[in-house]
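Notes follow the structure.
Here the structure is a predicted model, which means the values were calculated and not measured. Numbering starts at 1 and runs along the sequence shown.
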Amino acid sequence: MSACDKQLASITGYSQHLAKTTNPDCHALYLSSRQFAPDPPNEGDIDAPDPDHAMFEGDFFGTYAEDELAWPGSDDEEHLDEDDLGYDIGPGDHDEWEPPAAVPVPPSPATPAHDNIYAPFASKLDWDMARWAKLRGSSSTAFSELVSIEGLSEKLGLSFKNTRELNKIIDNELPGRPKFKREQIVVANEAFDVYFRDIIECIKALFSDPNFADFLVFLLNMHTGKWWWNSQKHLDRERPGATIIPVIISSDKTQDIHRKPSHHAHVLLAYLPTTRLDHVTNKAARRRMLANLYHACVGRVLAPLAAAGINGINMRRGDGTVHRGHPLFACFAGDYPEQVLATGIKTTQCPKCDIPPDELGLATGIANWQPRDLGAVLDALCALDEGGLAFVRACANAGIKPIVHPFWEGLPFVNIFESVTPDVLHQLYQGLIKHLLAWLSDACGSAEIDARCRRLPPNHHIRIFTKGITTLSRVSGTEHNQICRFLLGIIIDTSLPHNMSSARLLHAVRGLLDFLYLAQYPSHTSETLVLLNEALDLFHDNKDIFIDLGIRNSFNLPKLHFTAHYAHMIRMFGTTDNYNTEYTERLHIDLAKDAYRSTNHKNEFAQMTTWLERREKVFRHKKYIQWRLIATSPEMTFRRTQTMTKHPTVKAVTTDRVVNEYGATHFNESLARYVAKVTLPANTTVTARQLEDRAADIHIPFRTLPVFHKVKWLSADVRGHDDSPVTVDSVHARPGRSGTFASDSVAPRFDTVFVNDGTGGSLGTKGYRIAQVHVIFSIPPKAVPKLFPSTFQPPQHLAYVSRIIKNGERMASIIPISNICCSAHLIPHFGPVAPREWTSSNVLDECSSFYVNTYIDHIVL
């Protein structure tokens, strides 16, 4: 029991309550406990840079004293208004570390403010206004003008009257993550600013976050991979009892590094220089200098890991327990150019093995390659002391470029070639799928592929490309993902040039799509990894169809060859969602582009870091308030919940409209049959004819009924850290609507679904039937006692569905919507040429045979 008499079920809950509470008695108890359990000492100063880490010298790098350099932001440069930043952003604000702001001490018991969970803000309205201003609001000047309206701040009870006062509250009274600092690296007589955080402090901040205390062991399934166990064995020989903390680094072309230890936490670690060194006219020298600048910057940021990985750091979890953590560089996630830059290999080569460039297209069993020799590479790097020419030759013999002290050279237990991970976004979606679309366009014809795309029936998981897919430019990874969901279905029965059989084409496409889906499984077994390799083999066994069609001469693509390493990498580091660059690509927008837009484009990095630190504090306070309001930890669940709107879309629809506009041709008969069936006495069996005779005597006592146009399936964020549910599936059943303009018109939509016939299970399609939903409705309350006995309460929501049984004939029935498992997507049997009279809105009525699309939701199917 805590000092506030709150009952807590576990030690973890007790510790979290004391750490987060604003109750003064509990806070005093927390401070008292900290006196007897101070932060455990570390063994040595491991935050300092490694003194043995050589600095760059000569033509490439050097060091300047503080007073020898002109810092950006001097008097001749323009700054943001003080109201926007809240304080001067001169060099001193980023030269030294500043610890996260302490949690404000609660007020004395004499004041009622200790019950204010929104503190330091005065009220919920005060907090909502501040949160809106920093996360959703307009510019700082516009917000200041808004809250400066006479009397507005007083009437709303705001604790700030302009942006500057709000920034002061956030800066001084909200806890946050480690602050950025600035250092300089010089290359070619030019100084470059590097803004970065102390990586050890970032790790500590994540490790000690109470939100993650209960789930730290589950944050990554990397602990099931071989890398984790192999590293653990090495550490235990020297330092038994070590806790490994994997560090995953991801970078993009704008060179901002993200540390992603889990799906729950992303920390922007550094902004690296974006210079192109245009003043260097020799292209080879410029590329070499850029590579050395990159490695020097990243090496400086990651330098504390060298000592920390060996010696360990005593860190306290959010529940109060202490672990000796060893942060180890585990993975590098990036696209192919970034993999080349990080490993130092040459373009067209594989970053993981020594396969020749002209054998990249060979299948795994045919190609002859070995993993890159890290020992030989490290020996070559040591030749730097022997002179420039000897160094260049040694690096060339080892298969890398002459990079002076790459960032991974001194990190413990690091094999950079092994650390490069699969990249589903760039290698598969933006790589192989992009190539595949071009090949299929040449093989099947652009016009026919686009015509089929426009005639697909709608579905929650399917985007209808009304202009086709072959003319798209700058296609995103999300769009390629959407195309993959129907790609196989639209080429099933197309005609190939010279009347060639399409069997090999279908097998090649299916193999690549199956590999794509299997590679993204959230969990793997030995059997699924066998299926992954079999899918890749299926593609390789049939890919020559593109050569026979004259579309390709070879398949020597580095991204295609890298797929041969996927199964091994999943065994080493766990499933690909641990290191998917899709997440950091999204962060690039949030943390780089949005941050840059918030500046006046003068001395932008200092402003960007300030903007980011404040947003992080607001987000952290938001999580704290949610925890206080809900008082429970987030769940980690994949549960889906079928939901309906509280009120019907249309309150009263006549049965004539149900028949004519919704297509429920036999509505009254089907409803009578449903009533007759559910009102049968228990354990009573009747024939179909007897049921029809019983239904004929039932009178439908209403002429209008409430109708719903949509049913949805919701799920909390699958990792449990989102405050709003996510719509994972939906089914529409609504008539069309015409408008004054063509853009105002809405086509009718009646989706198809999987219906449980009573024998369906949680996996597979056995026991499910495909049906089309025409109308979702409720029986009017006044009609319920006239149709059903008092001992039976009908379901609140029912659906009229129909399905094709043979020769286009349909069977209709009424079912509870709880019998609908999920949406189903049907791909029409187009034939050699798609009928031009078919459209997306009428194809379910015009076509008589379909293929079931199993690529829309592989988790369900």
Side-chain angles (χ1 to χ4, degrees), residues 642 644 648-711 731-735 748 750-760 767-821 844-845:
Q642 188 183 71
M644 298 289 298
T649 308
V650 185
K651 292 183 178 180
V653 178
T654 64
T655 53
D656 289 340
R657 285 187 60 197
V658 169
V659 172
N660 298 323
E661 297 181 16
Y662 288 80
T665 308
H666 305 289
F667 178 79
N668 285 339
E669 296 86 345
S670 299
L671 181 57
R673 191 183 308 114
Y674 171 77
V675 174
K677 185 175 181 180
V678 299
T679 56
L680 285 172
N683 301 321
T684 301
T685 304
V686 296
T687 64
R689 181 60 186 175
Q690 291 172 331
L691 186 63
E692 291 291 340
D693 293 340
R694 183 181 175 89
D697 297 331
I698 296 177
H699 171 68
I700 305 300
F702 56 83
R703 300 193 63 181
T704 63
L705 68 162
V707 169
F708 302 80
H709 285 175
K710 184 191 295 186
V711 55
V731 171
H732 297 253
R734 54 169 169 73
F750 302 100
D751 289 351
T752 50
V753 296
F754 282 97
V755 177
N756 192 335
D757 64 6
T759 63
Y768 291 89
R769 302 291 184 89
I770 300 290
Q772 185 177 17
V773 180
H774 291 272
V775 62
I776 304 167
F777 65 98
S778 294
I779 297 176
K782 294 182 179 180
V784 171
K786 298 178 181 179
L787 292 173
F788 304 96
S790 59
T791 57
F792 179 82
Q793 182 62 35
Q796 184 177 359
H797 301 99
L798 299 169
Y800 175 97
V801 300
S802 66
R803 62 185 182 89
I804 299 176
I805 51 177
K806 60 179 180 179
N807 299 326
E809 184 179 351
R810 290 179 176 263
M811 174 182 291
S813 59
I814 301 290
I815 63 171
I817 65 165
S818 58
N819 286 13
I820 299 176
C821 171
L844 291 175
D845 298 322

Exercise answer: donor-acceptor pairs, residues 690-702 side-chain atoms, under 3.5 Å, sequence neighbours excluded:
from, atom 1, to, atom 2, distance (Å)
Q690, OE1, T687, N, 2.9
Q690, OE1, T687, OG1, 3.4
E692, OE2, R673, NE, 2.9
R694, NE, A676, O, 3.3

What's the separation between atom [atom1] in [X] and atom [atom2] in [Y], rounded to the nearest 0.5 Å?
{"X": "Y768", "Y": "N756", "atom1": "OH", "atom2": "CG", "result": "4.5 Å"}
{"X": "S670", "Y": "L798", "atom1": "OG", "atom2": "CG", "result": "12.0 Å"}
{"X": "I814", "Y": "F667", "atom1": "CD1", "atom2": "CZ", "result": "5.0 Å"}
{"X": "K677", "Y": "S813", "atom1": "NZ", "atom2": "OG", "result": "8.5 Å"}
{"X": "L671", "Y": "I779", "atom1": "CG", "atom2": "CD1", "result": "5.5 Å"}

Any idea which heavy atoms bring [X] and [Y] closest together, and the distance?
{"X": "T759", "Y": "G767", "result": "OG1-CA, 3.3 Å"}
{"X": "Y800", "Y": "A812", "result": "OH-CB, 3.1 Å"}
{"X": "V707", "Y": "P648", "result": "O-CB, 3.5 Å"}
{"X": "I770", "Y": "F754", "result": "CD1-CE2, 3.4 Å"}
{"X": "A799", "Y": "V773", "result": "CB-CG1, 4.4 Å"}

Intermediate values then yes/no, side chain to side chain contact (heavy atoms under 4.5 Å, CB included), M644 and I817: CA-CA 10 Å; M644 298 289 298; I817 65 165; 3.6 Å; yes
Give a yes-or-no answer on whether the side chains of T654 and D656 include a donor-acceptor pair shorter than 3.5 Å.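 Result is no, nothing qualifies.
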Sole residue of R769, R803, H666 in side chain to side chain contact (heavy atoms under 4.5 Å, CB included) with M811: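 When side chain to side chain contact (heavy atoms under 4.5 Å, CB included) is applied between M811 and each of R769, R803, H666, only R803 qualifies.
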Check against side chain to side chain contact (heavy atoms under 4.5 Å, CB included), I820 and Q642: CA-CA 9 Å; I820 299 176; Q642 188 183 71; 4.3 Å; yes
Any chance the rings of Y662 and F777 have centres within less than 6.0 Å?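 No, the ring centres sit 6.0 Å or more apart.
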Please find out if less than 6.0 Å separates the ring center of H774 from that of F750.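 Distance test on ring centres: under 6.0 Å, yes.
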Are the side chain of [X] and the backbone of [Y] linked by a donor-acceptor contact shorter than 3.5 Å?
{"X": "S802", "Y": "R810", "result": "no"}
{"X": "S778", "Y": "Q796", "result": "yes"}
{"X": "D751", "Y": "H732", "result": "yes"}

With E661, which residues qualify under salt bridge (charged side-chain N to carboxylate O under 4.0 Å, His left out), at least two apart?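 Residues passing salt bridge (charged side-chain N to carboxylate O under 4.0 Å, His left out) with E661: R657.
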Indicate every side-chain donor-acceptor pair of residues 785-792 with a distance under 3.5 Å to a residue at least two apart or in another chain.
none

Could you tell me whether the side chain of R734 reaches within less than 4.5 Å of the side chain of T649, counting heavy atoms only?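 Counting from C-beta outward, T649 and R734 never come under 4.5 Å.
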